[in-house]
Structure formats: C-alpha cells, structure tokens
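Everything on this sheet refers to the single structure shown next.
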Amino acid sequence: MYLELQKRLGSRLRSLLEEKYGLLVENIPLEIPPDLKFGELATPIAFELARKLRKAPRIIAQEIVSALNGLEGFAGFEVAGAGYINARLDRAAGVRLVVGGESLARASSGLHSLVEHTSINPNKAAHIGHLRNAILGDTFVRLLRAAGQKVDVQNYIDNTGVQVADVVVGFLHLEGLPEAEVRQLLEVLKGNGERIDYYCWDLYARTSQWYEQGTAEENEARKELRYATLHEIERGGNDTAEVAEMISTAVLRRHLETMQRLDIEYDFLPRESEILHLKFWESAFEQLKQTGVLYFESEGKNKGCWVMTRPGAEVAEGDLDEDSKVIVRSNGTVTYVGKDIAYHLWKFGLLGKDFGYQPFFTYPDHECWISTEQGVEPHPHFGGAQAIYNVIDARQSDPQANVIQALRGMGHVDQANRYTHFSYEMVALTPRCAVELGYDVSEEDLKRPYLEVSGRKGFGVKADDLIDKLIAATRAEVDARQTGRDEAERQKIAGQIAIGALRYFMLKFTRNSVIAFDFKDALSFEGETGPYIQYAVVRARNIFRKGETTPEAVLAEFAAIDPAAYLEGEAAEDIWSLWLRAARRTLVLEQCIATSEPAYLAKHAFQLAQEFNNFYHRHHILTEEDPKRKTFLLATAAVALRELVVALSWLGIESPEAM
RNA sequence: GCGCCCGUAGCUCAGCUGGAUAGAGCGACUGGCUACGAACCAGUAGGUCGGGAGUUCGAAUCUCUCCGGGCGCACCA
C-alpha cells in the first residue's frame, strides 16, 4: 500500500510542477517522516526549488499544497517547518487497501535472472563463511521470485582446481591409498555415517602443511607433485582424475545436504571439468580476439601472453601496458579469469555452446541437474539469462570487474550492465571464539578485532557443527516449554527455530560489514533475532486459536465495519503505526532488489514484530467488550500475522505453530 | 605505491537517493507474569557520528585531507 501511494503522490507532484512552474523533476524525494505527527509521507522538494524559483521554500510549499487537492487515498496536505510538505493519508481507505493485501502472486515481470551462489570448492566441509554466501544468495533468489522474476539458481563447482588437487595429493600420497582403496574408504565412511567432508577438512589442512614441512628439496618435489596432480585432473581420463571425481562428487553431495538443512536448493551445478572438456574457452577465445578485447603481447614482462586491458586503466596509444591482465599464459594455458569469461558468455547465452545435463540430486519438489559431457534427453536448459547475480565475497571484486570489462569490450553492453557482483564481506572469528574452539592463537592475533577463517589451515567453524549446536540449544528451550508435545514435534520446532536464528543472524548485517563470529551472538534467541520474530507469529496465532476464529474469517467480517472511528486520536496512533508498517511489504521488496541488500527486509521483519509485540502487550484483544472494536483489533493481528509470515518466508525462515 | 571497504552509545550494528529531536539489539540499573505464552513489555543511564577543512538553506550521509583497522592489486583459483 505504501509503495502505491508513494508512487501516486510522486507522479502527481511531477505533473503539478510541470504545469505550475514548467519544471521537469525526474526524482521527487519522498520520505517517511520520523514521527506520525508529520503525517505519513513527506517531501522536502520545496527546498530544492527555492533557488530555481527565487522564492522562499515555505511559499513554494504553500503553493504546491493549495494545488494538491483530492488525491485519492490522501486526507490532506500541509506545510510544516521551513517548507516541508507533509501528506496525511485517508486512514480508513489505507486500512482497506492493506486488508485487501497486495497480490502475492505478482504478475510476471518477464525478466529471466540467474543467481550463482555457494560455489564451495568440493574438497572440504562448508564453514560459516560459506553459510553467509548461501544464505544471502538463497534469500535474494526468494526476493527476485517474489517480485515475479524467473530465476535459475546455480552453484558453480570447481572440481578441477588446486584445492581439489591438494586433497587428492593427501589421499594418494599422504595416506598412500591407490584409487581402489580411496573408493573403499569412501564406502566405509559412508557406511559408518561419517561425514566425508569432515574427513577432507582435516586431510586438506594436513596436506597444506605438508607442502611446507620438509627440507627445501623435499618441498620443491612436493610442489611439483601438486602441479602434476592438478594437470592430470584437468586432462582427465586417468586414475588421478578418477579419484578427484569421486572425492569432489562425494563432498559436493555433503554440501547439498548441509544446505538443504537450511532450505537452500539449487537448479543446476555447472562444473569446471565440463567447461574445460567441452572447450568453452576455445569459442570464447575466438570472440575475444575478433572483438579486439584480447591482444598478443610481444614485449615486456607479459611477452608471449594474450592479455586484456584492466578496467579503468589509461594507456596512451602505442604505449606498452605492463599492468594488463594475462588471460592466456605464455605456455598456452588459460587463466581463471579467461575460463570465467567463457562461462559468463554462456550465462548470457552468447557462447554458442551448451553443457550436457544429467539429474544429480532430488529435492521434494524438483530435480537439481549437473553438467556432464554427454547429457541425457530430455533435459531442461539453463543459461541464456537476461540478468545475472554472482554472490561472491568482496575479495574477488577485481577478477569480477575483469569479466564485466571483457563483456563490455566485446560489445555486450546490456549484459555488462545487468551483471551484478553481489559482493559481501567475510565471516571471521573473534579471537575469543578461536580460543574457545581450542586453536592456538598468537599474542599478536589476540589483539586483532577478528581472525580470517582459512580452509587451508583448517581454521574455522564448520557449518554442520554450528547447525548441530544451534539445534541442541533450541531443543533444550523447546523441551522446557513444550512439555505436552512428543519427540518428533519438539525436534521439528527446534529445527525451525535453529534455522530461523541462523538465517536471521547472517542476514541482519549489511553485506559490506565483516561479521566477527561469536557463539554467544549466534546462539542468542532474544532481541533482534529470528526467534523473536517467530515468537510474534506464534503469539498472533494463539489469539486466533484461543478465540476460535481465523484471520480469514476476521478480515471478512472486518470488511463490513467502518474502521475510521478506531484510527483517530492519541490512543490509536500505535495501532495505526502497526498498520503502516504492515503496508510496507512491496516498498521494502523493491528497495532490497534495487540495492541487492536483503538486510533491509530482515530489519523490516524485526520492526514489524516489535510493533506487534507492543500492540499485543497494550491491547488485550479477546477480552475486548465492544464487538466491533474487538473485530478491529483481531483484524490488526491478522494483518500483522500475514505480513510477518510473508516476510519470514522471503527470508527463508519458517513460522512455527508453537515454540 | 595504486584500488576497494570500514571507523556512529560499554559491546555488536542500523541510519534509504543529503533533510525535521542521531536509532535498535545486547550489556548495566529499575519495574511488570491471577488477562491472548515473560524466547515478551515499559522505564533510566549512555554518543565531540575517528580528527580537520570544504560544498549546501541543511552533512553521520557528498568532496578533499589526515589518523586508525581490514582486504585486494600473479603467466594461483
């Protein structure tokens, strides 16, 4: 409702300024005033016009206000302060709009988007940093879908990189297991219900250390072994590649299981092995050469390489660009950015090639596909999106910018403009948390505000460990309260609350704030947390349960009542303010998408819950004697409940029946 | 050296395209369960918005500069 009225007022003001002053103002600033005494919408536009019109802002505001009459949905306008224009809504009409609810199934926007997130190297267990990535990405997917977009969710799998090679070196050389025995070991672990990704977490850390533990000559030999292993994996068709395939696939399945615990699902898993074997790069290379984005360097430190100019670089015609980005090395191999350019051409349907597809992981209501050289028929088609979002941490903004630069240079300007690096800062550990976990922390590190998580060092909090810990904690709380419920019900509720707490925790911070992780904060269920919002939902539901009615029945009954009498006066301000908050859904959605910032929705959900709790405390609904007022109060609870549940679902958080 | 991010209450963070008295949670202190569940609510204390300069009718928000912290800048991925 808010967004609709805001747009209505905006366009009215725009046309008014044009008629009255002959001014075209593209963006009329409209804001929600800090206090209801200033109305529900306001604009400081008169200040901006004061200079152009050579008049006092107050006079201009007065002129605008007198021309602003009879705008549907508004009760009146007034000038305040030095020249603010404050708008008061027709409260009864507003309430009716909110009751009607903005359609949840919004008309398809027609936009086809692709969101890539998670993308964990399949050589170790997922940790809290990966959780932030996946939760941000999954929530953004829900927001785009809520806005009517068709969205494909992809999780890129680098199954042929050095990280996988390192753990393969661990299996083959540190553990000394030949291919057949690795296969056996994986079976045994699986049989014992042990987490393979956990096993690899330790082995990967050990291998990383092993590279540096020997004598200089030994370390040199180990590094050689590392790269020989990497090249065998890249080439494929040998035992080493077979081991890599087994391990990376087993770990990948674990990642999908971990994410499924958080209600995170994927549509397609493109793998680097197919990008290599299906020769995506060769097609991209041709296009890059033809468009002149890549050129062969014949001098300087990059002599013998195919390079591209970095974004923002200024090189005079004919000068040597020593700072250029190498895409093809002098030995003929392609760098990471090169492969990424090819992959992104595919994402936009510009490559002229496609993956083979094969079903890989089955969710309750859909299938997740994986890339393969020769796929099955029939299969869905992915790629060819109009807009893409890459959920990748801020440290990779340089390579991301290179890819965008290449697309733009090739003439794909629209695509480059619809390429969003959805960047976010890392999740680090507070020194206290690291000590708590039993890691050795140096004196120097103890003084730092936070310590970076490192898979290579095996330093971090594993995702499943955190989820297990959260569930244990919520289970204890549920057991203390839900004495009448059976085991299965309690476990279900504990799970819903644990996931709510975790997802909210990862979403409450804005993207470019580093999260210094601490168990005390993450395991909190009070204050600005997911469970706080879930609790508001449970309270609202209990009102209807005890009152033996439903939100739907109440809203139907409410339609016959004139709400105006209950919305005026000092005592009604808090209730009206709750209705206004409930009316902000699409406004917040639009803002989240425009800024790629899910934290705004998290904040909105919390504030709505807070206002509901306040309302709940001040007005006792079921004992209200005036039947019409009781219906009004019930309708207020119904609307708050509906909006809380929708907001939570967009955050990927369930609304428990009890807690 | 160059680039990006951050610096707001004791702690952790919001503060939308510059706008009306700078907010929340946690922590501290005080009060509220015989009313729809206290995972809740109310109140009190707590801030030179890192420092300085500038633009503006108006700056936590924009520009410059300095200080402090973090991250990038490979023929690694």
Side-chain angles (χ1 to χ4, degrees), chain A residues 27 29-35 38 42-44 47-48 50-51 56-57 80-84 86 121 158 160-165 230 272 301-307 310 312 323 325-337 339-340 393-399 401 423 425-426 428 448-450 452 474 477-478 480-481 497 501 508-510 512-516 518 520-521 524-529 531-532 534-536 538-547 587-588 591 594-595 597 599-600 603 606-607 610 613-614 616-623 633 637 658-659:
Chain A
N27 278 318
L30 282 166
E31 45 192 66
I32 298 177
D35 192 298
F38 299 122
T43 177
F47 295 110
E48 221 173 284
R51 173 172 296 181
Y84 272 94
N86 292 337
N121 276 304
D158 184 3
T160 55
V162 277
Q163 293 211 21
V164 166
L230 174 63
E272 187 173 70
K301 67 168 184 157
N302 293 333
K303 184 177 177 182
C305 299
W306 286 87
V307 301
R310 289 179 194 268
D323 189 41
K325 174 71 196 168
V326 172
I327 301 299
V328 182
R329 302 181 186 104
S330 52
N331 67 5
T333 58
V334 194
T335 61
Y336 159 70
V337 171
K339 284 179 274 190
D340 222 24
D393 78 81
R395 286 170 292 191
Q396 295 205 49
S397 61
D398 275 4
S423 83
E425 278 293 344
M426 61 184 169
R448 292 168 172 269
Y450 49 80
E452 187 176 352
T474 52
E477 297 286 331
V478 171
R481 291 157 222 248
I497 299 169
K508 71 192 277 194
F509 304 94
T510 50
N512 51 13
S513 149
V514 174
I515 298 181
D518 201 307
K520 184 173 81 59
D521 299 331
S524 163
F525 309 133
E526 288 167 12
E528 194 182 344
T529 66
Y532 174 94
Q534 291 173 313
Y535 187 62
V538 168
R539 283 177 138 186
R541 283 189 174 148
N542 282 343
I543 296 171
F544 293 97
R545 191 173 299 133
K546 284 262 167 101
L587 184 72
V588 173
Q591 191 186 8
T595 55
E597 184 52 271
Y600 296 139
K603 187 66 86 180
F606 171 68
Q607 287 172 334
Q610 209 173 28
N613 274 332
N614 185 284
Y616 178 93
H617 184 76
R618 283 160 72 158
H619 306 277
H620 198 264
I621 299 168
L622 294 179
T623 53
L633 293 177
M659 62 188 280

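Letters go in sequence order (proteins before strands), and every chain restarts at 1. These values consider heavy atoms only, across backbone and side chains, with no hydrogens, waters or symmetry-generated copies. Worth saying up front: this structure is predicted, and the values here are computed from it rather than measured.
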Open item on the list: Side chain of Gln396(A), heavy atoms from C-beta onward: which of A77(B), C57(B), C40(B) has the nearest atom to it?
Closed with: A77(B)

Open item on the list: Roughly how many Å apart are C71(B) and A60(B), using the P atom of each and rounding to a whole number?
Closed with: 30 Å

Open item on the list: Over all strands shown, is Ile327(A) touching base, sugar-phosphate only, or nothing at heavy-atom distances under 4.0 angstrom?
Closed with: nothing

Task: Per Asn86(A) side chain, nearest of listed nucleotides G32(B), A20(B), A24(B) - done: A20(B)

Task: Rounded P spacing from G15(B) to C75(B) in Å - done: 38 Å

Task: Proximity to the side chain of Pro449(A) - top-ranked nucleotide from C13(B), G72(B), G69(B) - done: G69(B)

- [ ] Take Asn613(A) and Tyr535(A), measure what side-chain hydrogen bond (donor to acceptor under 3.5 Å, both in side chains) needs, and give me the verdict at the end.
- [x] CA-CA 9 Å; Asn613(A) 274 332; Tyr535(A) 187 62; over 6 Å; no

Task: side-chain N/O Tyr532(A) vs C41(B) OP1/OP2, d < 4.0 Å - done: yes

TODO: Go through C75(B), G25(B), A77(B) for me and flag the one nearest to the Asp158(A) side chain.
DONE: A77(B)

Task: Nucleotide U8(B), atom C1' - distance to CG of Asn512(A) in whole Å - done: 15 Å

Open item on the list: I'd like to check Thr160(A) versus Glu272(A) (side-chain heavy atoms, cut-off strictly below 4.5 Å). Are they in contact?
Closed with: yes

Open item on the list: Which nucleotide wins on minimum distance to the side chain of Phe509(A), given the candidates A39(B), C75(B), C13(B)?
Closed with: C13(B)

TODO: With C1' as the reference atom in both, quote the distance from A22(B) to C41(B) in angstrom, rounded to an integer.
DONE: 24 Å

Open item on the list: When you compare the side chains of Asn542(A) and Arg539(A), does any donor N or O come within less than 3.5 Å of an acceptor on the partner?
Closed with: no

Open item on the list: Counting only side-chain heavy atoms from C-beta out, which of C57(B), G37(B), U21(B) sits nearest to Phe38(A)?
Closed with: U21(B)

- [ ] Could you work out the separation of C40(B) and A45(B) based on their C1' atoms and round it to a whole Å?
- [x] 23 Å

Open item on the list: What contact category does Gln534(A) fall into here, base, sugar-phosphate, or nothing, at under 4.0 angstrom with non-hydrogen atoms?
Closed with: nothing

- [ ] Write down the distance separating the P atoms in A14(B) and U8(B), rounded off to the nearest Å.
- [x] 11 Å

Task: Nearest-neighbour nucleotide for the Glu528(A) side chain, A24(B), G32(B), U56(B) considered - done: A24(B)

Open item on the list: With rounding to the closest Å, how many angstrom separate the C1' atoms on A38(B) and A20(B)?
Closed with: 37 Å

Task: Base paired to C16(B) (Watson-Crick or G-U; both N/O distances under 3.5 angstrom) - done: none

Task: Gap in Å between the two P atoms, one belonging to C36(B) and one to C26(B), rounded - done: 24 Å

TODO: Ignoring the backbone of Asp398(A), work out which of A39(B), A77(B), G72(B) is nearest its side chain.
DONE: G72(B)

TODO: Scan Ala42(A) against the nucleic acid and name what it touches under 4.0 Å (heavy atoms): base, sugar-phosphate only, or nothing.
DONE: base

Open item on the list: Between Thr335(A) and Ile327(A) (side chain of the first, backbone of the second, donor and acceptor by atom type, cut-off under 3.5 Å), is there such a pair?
Closed with: yes

Task: N or O in side chain of Arg481(A) less than 4.0 angstrom from G37(B) OP1/OP2 - done: no

Open item on the list: What's Tyr600(A) touching, base or sugar-phosphate or nothing? Going by heavy atoms closer than 4.0 Å.
Closed with: sugar-phosphate

Open item on the list: Starting the side chain at C-beta, find the nucleotide from C57(B), C73(B), A39(B) nearest to Arg310(A).
Closed with: C73(B)

Task: Inter-nucleotide P distance (U61(B), G7(B)), Å rounded - done: 11 Å

Task: Sugar-phosphate only, base, or nothing, as touched by Asp521(A) at under 4.0 Å among non-hydrogen atoms - done: nothing

